[in-house]
Amino acid sequence: MTTAPKISSVLAEPRESKYDNSEKATWSFEFFPPKTDAGVANLDARLGRMRGMHPEFVDYTWGAGGSTSELTMELCKTAQTKHNYIANMHLTCTNMEVGKVQTALEEAKKNGIRNIVALRGDPPVGQKEWKACDTGFKCALDLVKYIRKNYGDFFCISIAGYPECHPDKIENYEEYLKNGKVSDEIYKAEMDYLKAKVDAGADLIISQMFYDADVFLNWVKDCRAAGITVPILPGILPIQAYAGFKKMTGFCKTYVSPEMLAKIEEKKPADNLEGQAKKDADEAFKQFGTELATDMCRKLLAGGAKHLHFYCLNMDQVTKDVLKNLGFVPADYDDETSVKYAEAVSDHRGFVKAVQAA
């Protein structure tokens with residue numbers, strides 16, 4: 001089994017210019033395990049179409065309590081052996097006994113999956129508060145320590161970072177929306193915990209979604225001031241539908257400025273539309289969301305970001321359009337031309353060629 005390179009090493013390498021302007025940044029995609037066989041097949045086909053966009057790696061999420069453990073593992077294996085991606089496998093410790101975590105790590109190592117996102121995880125469906133398993137871990141810090149203690153430097157460990165602080169720390173979301181500020185005490189405690197995870201062995205940080213570039217950039221400055229030196233990747237969730245936007249911002253307690261919220265409310269499709277009129281309005285709103293994401297990415301890159309991590313929601317169109325707008329993939333990239341562009345895939349320290357030869 002061919003072992004993938006560490007993402008931390010890949011990000012440190014100079015990037016060859018594949019397309020116009022693409023040497024200025026790198027990017028990655030995140031997906032979740034579909035609930036049906038048809039969904040898995042659709043995602044697999046989509047991964048093939050997205051290969052020519054040359055992400056540095058792809059993430060797959062892990063269900064609470066290991067509910068998607070087998071499928072997540074299979075998706076990561078397929079991503080590396082069939083599609084020549086570098087897989088970054090999420091691993092949560094929500095309701096996970098130590099033995100289950102060890103089994104997952106052993107399986108990942110056996111299959112050449114060398115990149116892990118160490119997370120606490122969300123509560124299982126129907127459970128409001130997160131509770132540690134009696135024979136498990138209490139937090140992501142424990143998981144990072146466990147991986148380093150038992151596997152040395154074999155794995156590249158990613159961790160989550162929260163530019164606005166963890167949503168559990170925001171008690172009154174409506175009040176928080178007024179200025180996007182938490183107390184200095186909470187902010188410092190969050191920063192101290194993030195540094196503790198890095199000091200325990202984390203190699204890079206992937207941020208929670210946000211919709212204000214300045215929030216992320218200022219947070220990065222604070223991270224650097226706190227002595228955190230590992231790469232910090234901004235998590236980008238383009239707005240694709242109004243209902244989805246409201247659901248995700250409410251769940252993550254994400255700050256949205258009054259000005260931006262007013263634009264979104266103005267552009268959202270009317271509730272009484274039907275048929276083609278509804279389809280046209282939904283598409284127009286998606287294009288609006290694409291432009292918002294493009295503008296935010298431009299601000300992030302101008303502010304010093306070198307990598308963009310896209311939460312794709314198992315779709316490809318919006319992410320593709322944002323990358324086109326940025327000049328990072330060809331303007332003619334579509335389902336037909338994707339095969340041609342995929343053939344020009346970069347060689348990450350021989351990984352792609354080794355997989356193809358295996």
Side-chain angles (χ1 to χ4, degrees), residues 29-35 39 59-68 72 90-96 117-132 139-140 158-182 186-187 189-190 193-194 205-213 215-216 219 233-258 260-265 267-269 282 285-286 288-289 292-293 296 308-315 318-319:
F29 305 148
E30 182 166 310
F31 306 100
F32 60 85
K35 295 181 179 180
D59 277 25
Y60 288 95
T61 61
W62 180 278
S67 58
T68 67
T72 295
H90 288 215
L91 180 60
T92 71
C93 52
T94 301
N95 289 359
M96 288 280 288
V117 186
L119 304 165
R120 187 198 72 177
D122 299 320
V125 176
Q127 182 176 312
K128 293 183 177 181
E129 296 182 359
W130 185 90
K131 294 181 181 180
C139 58
S158 302
I159 55 173
Y162 299 88
E164 305 175 49
C165 92
H166 194 283
D168 287 355
K169 304 298 182 182
I170 301 174
E171 295 183 357
N172 188 328
Y173 181 47
E174 294 301 322
E175 189 67 26
Y176 175 72
L177 279 176
K178 293 179 180 179
N179 58 18
K181 301 290 185 181
V182 295
I186 291 177
Y187 190 79
E190 289 283 288
Y193 180 64
L194 182 63
I205 300 167
I206 301 176
S207 90
Q208 174 72 284
M209 55 173 274
F210 56 89
Y211 288 111
D212 188 324
V215 168
F216 174 82
W219 174 67
L233 315 184
I236 313 298
L237 179 61
I239 301 172
Q240 302 192 41
Y242 179 77
F245 163 76
K246 295 294 288 185
K247 178 181 179 180
M248 290 303 298
T249 53
F251 179 75
C252 297
K253 298 182 180 178
T254 308
Y255 175 69
V256 184
S257 70
M260 181 178 181
L261 189 57
K263 290 181 181 179
I264 292 171
E265 292 295 330
K267 295 288 186 178
K268 73 175 183 180
D282 288 343
F285 187 79
K286 184 183 292 186
F288 166 69
L292 285 180
M296 188 171 74
L308 304 170
H309 183 72
F310 289 92
Y311 298 116
C312 296
L313 301 180
N314 288 12
M315 304 299 288
V318 173
T319 299

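By convention here, the first residue in the shown sequence is residue 1.
The distance from atom CD1 of Ile236 to atom CZ of Phe210, rounded to the nearest 0.5 Å, is 4.5 Å. For the atom pair CZ (Phe245) and CG (Leu261), the distance works out to 6.0 Å, reported to the nearest 0.5 Å. Taken from OH in Tyr311 to CD in Gln240, the straight-line distance is 14.5 Å, to the nearest 0.5 Å. Atom OH of residue Tyr162 and atom OH of residue Tyr193 lie 9.0 Å apart, to the nearest 0.5 angstrom. Expressed to the nearest 0.5 Å, how far CD1 of Ile206 lies from NE2 of His309 amounts to 4.5 Å. The structure places CD of Glu164 at 12.0 Å from NZ of Lys253, a figure rounded to the nearest 0.5 Å.
Under the side chain to side chain contact (heavy atoms under 4.5 Å, CB included) criterion, Phe32 pairs with Thr61, Asn314, sequence neighbours left out. Under the side chain to side chain contact (heavy atoms under 4.5 Å, CB included) criterion, Asn172 pairs with Glu174, Glu175, not counting sequence neighbours. Looking at residues two or more places apart in sequence or on another chain, you find a side chain to side chain contact (heavy atoms under 4.5 Å, CB included) between Lys169 and Cys165, His166, Ile186, Glu190. Remark: Met260 engages Tyr211, Ile239, Val256, Ser257, Ile264, Leu292 in a side chain to side chain contact (heavy atoms under 4.5 Å, CB included) (not counting sequence neighbours). For Tyr176, the ring-ring contact (aromatic ring centres under 6.0 Å, His included) criterion is met by no residue, not counting sequence neighbours. With sequence neighbours left out, the salt bridge (Lys or Arg N to Asp or Glu O under 4.0 Å) criterion links Lys268 to Glu265.
Counting heavy atoms from C-beta outward, Glu30 and Val117 have side chains that stay 4.5 Å or more apart. Between Tyr173 and Thr249, the closest side-chain pair of non-hydrogen atoms falls below 4.5 Å.
Nearest approach of Gly235 to Ser207, heavy atoms of both residues: N-OG, 2.8 Å. For Thr319 against Cys312, the heavy-atom pair with the smallest separation is OG1-SG, 3.5 Å.
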